[in-house]
Amino acid sequence: MPTLPSSWTQGPAEPHTHSISKATVRQQILTKPPGSLGRLEQLAIQLAGLQRCGQPTVDPVHITVFAGDHGVCEENISAFPQEVTAQMIANFSNGGAAISVLARELGASLEVVNLGCVGKVPALPSVRDEQIAPATANLAVTNAMTETQVCAALASGDAAANRAANAGCRLFIGGDMGIGNTTSAAAIACALLNKAPEELVGPGTGLDYAGVSHKAQVVTRALERNGNNTAPLAILTALGGFEIAGLTGALLGCAARAIPVLVDGYIVSVAALLGVRQQPALRDWLLFAHRSAEPGHATVLEAMDAKPLLDLGMCLGEGSGAAVAAPLLRAACALHNGMASFADAGVSDTNEPSGE
């Protein structure tokens, strides 16, 4: 068995209870009725506990998009050809993709990790060539990856977390790019949650009803081949994608390095679910950005007791939903750190009206 990252085998630290207590007390003495800022208060408290500090921050933000192609595309489960993956990598690098625009708006660093594309990807700025193979194998007929490939993808994700830590990252966003990856994600989620494909398979890049039905049949074949295997590593090997494994390694690696993660949509949430099943303490380090329009996402979120910040009907991937939600975390931190206390402002803290 190839070597797994230490974050796969060892759980992350727990949130700092003293920092949580101090942040909770501070929220009670700020010039507002207690609880009047709703979830923004809890986000600030949570971040304070994760960052072991009195003044939490999410800056600098670091975004890593993992890209990889899927052999299951042989089954005609996508409305787009596989060449799009390589084309989109170039678009990320050139600044034309949604996540590129959002990263600029956030002032966030953005890198792309190419773990394996059918199309040729030339040397490009901000793109790391860590190709494992041109694509995974067809998960409907055989294991998607070998043990060596899974470990390589997990290690790539862990290395991305290490780069983020070395750059002083205070909030990590992972993104995905890979034609066919909603099929892989649905299969993984079905295996982890013991759900029927019809519950978790959706249109992905825009399939019609017949296309979704065919996609569910492909996932059914994959699950039958996988049998009753429920171990996270076995499921990832049998049904995963390079980019999903990379994301799983990155999320675990960030938690191991005390970096909070803002989780994007369906693909990243499935990677998060895999990580949580492997290391339950990972859940403490995850904040959830949005509810994807992909129908299986709600079930995956529920399995982690996750309450996303936004529901905008998005389903693009790339980390775009998380990038849209990141300013809410900035606002939570700014309010927590910058508001005056009742004592500072000379305002009475008893029987004050809410102003509404």
Side-chain angles (χ1 to χ4, degrees), residues 2-5 7-8 62-74 78 80-93 97 99 110-139 142-164 172-185 187-188 232-233 235-254 261 264 266-268 270-272 274-275 317-319:
T3 303
L4 289 161
S7 56
W8 183 267
H62 178 79
I63 304 170
T64 299
V65 178
F66 295 90
D69 273 322
H70 294 255
V72 72
C73 286
E74 295 172 0
S78 176
F80 284 83
Q82 281 188 296
E83 289 77 8
V84 169
T85 302
Q87 293 164 0
M88 282 303 300
I89 290 175
N91 196 26
F92 295 143
S93 178
I99 192 58
L110 171 64
E111 68 172 8
V112 181
V113 179
N114 173 21
L115 294 177
C117 290
V118 171
K120 181 175 176 56
V121 179
L124 292 167
S126 301
V127 175
R128 299 181 65 88
D129 182 9
E130 299 184 10
Q131 182 151 296
I132 297 168
T136 57
N138 183 350
L139 58 83
T142 189
N143 279 355
M145 292 177 278
T146 66
E147 289 184 351
T148 298
Q149 290 174 335
V150 170
C151 290
L154 288 168
S156 178
D158 187 74
N162 193 55
R163 289 192 298 275
F172 181 87
I173 293 173
D176 64 276
M177 181 62 223
I179 298 301
N181 63 10
T182 57
T183 301
S184 176
I188 292 169
L233 189 62
I235 289 174
L236 189 54
T237 303
L239 306 172
F242 295 145
E243 82 279 39
I244 296 175
L247 284 162
T248 304
L251 270 55
L252 287 166
C254 283
V261 176
D264 191 46
Y266 190 38
I267 306 302
V268 185
V270 168
L274 266 167
E318 304 178 5

Give me the atom names and distance for the closest heavy-atom approach of A238 to L139. O-CB, 3.7 Å
State the CE-CD distance between M177 and Q87, to the nearest 0.5 angstrom. 9.0 Å
Closer than 3.5 angstrom, by distance alone: can the side chain of D69 be matched with the main-chain N or O of A135 as a donor-acceptor pair? no
Closer than 3.5 angstrom, by distance alone: can the side chain of T64 be matched with the main-chain N or O of E111 as a donor-acceptor pair? no
Can you confirm whether W8 sits close enough to C151 that some side-chain heavy atom of one is under 4.5 Å from a side-chain heavy atom of the other? no
If you define the side chain from C-beta out and look only at heavy atoms, does anything of T183 sit under 4.5 Å from H70? no
On a heavy-atom basis, which atom in G178 and which in E243 lie closest, and how many Å separate them? CA-OE2, 3.8 Å
Donor-acceptor under 3.5 Å (E318 side chain, I99 main chain): yes
Interatomic spacing from CG in L110 to CD1 in I173 - rounded to 0.5 Å: 10.0 Å
So, for C254 and A161, which heavy atoms are closest and what is the spacing to 0.1 Å? N-CB, 3.4 Å
Below 4.5 Å, heavy atoms only, C-beta onward: do D176 and I244 meet side chain to side chain? no
I need the I235 CD1 to I188 CD1 distance, nearest 0.5 Å. 8.0 Å
Between CD1 on residue I267 and OG on residue S184, distance to nearest 0.5 Å: 7.5 Å
Nearest 0.5 Å please: distance from the CD atom of Q131 over to the OG atom of S156. 11.5 Å
Do any N or O atoms from the side chain of T85 and from the backbone of I179 form a donor-acceptor pair under 3.5 angstrom? yes
I want to check something: taking the side chain as every heavy atom from C-beta on, are S93 and I89 in contact at a cut-off of under 4.5 Å? no
Over all heavy atoms of both residues, which pair between F92 and A97 is shortest? Give the atoms and the distance, please. CD2-CB, 3.2 Å
Single hit among V270, L154, D158, L233 for side chain to side chain contact (heavy atoms under 4.5 Å, CB included) with T248: L154
Can you confirm whether M88 sits close enough to V65 that some side-chain heavy atom of one is under 4.5 Å from a side-chain heavy atom of the other? no
Which pair of heavy atoms, one from F242 and one from A133, lies closest together, and at what distance? CE1-O, 3.7 Å
For G174 and V268, the nearest pair of non-hydrogen atoms, with its separation, is O-CG2, 3.4 Å
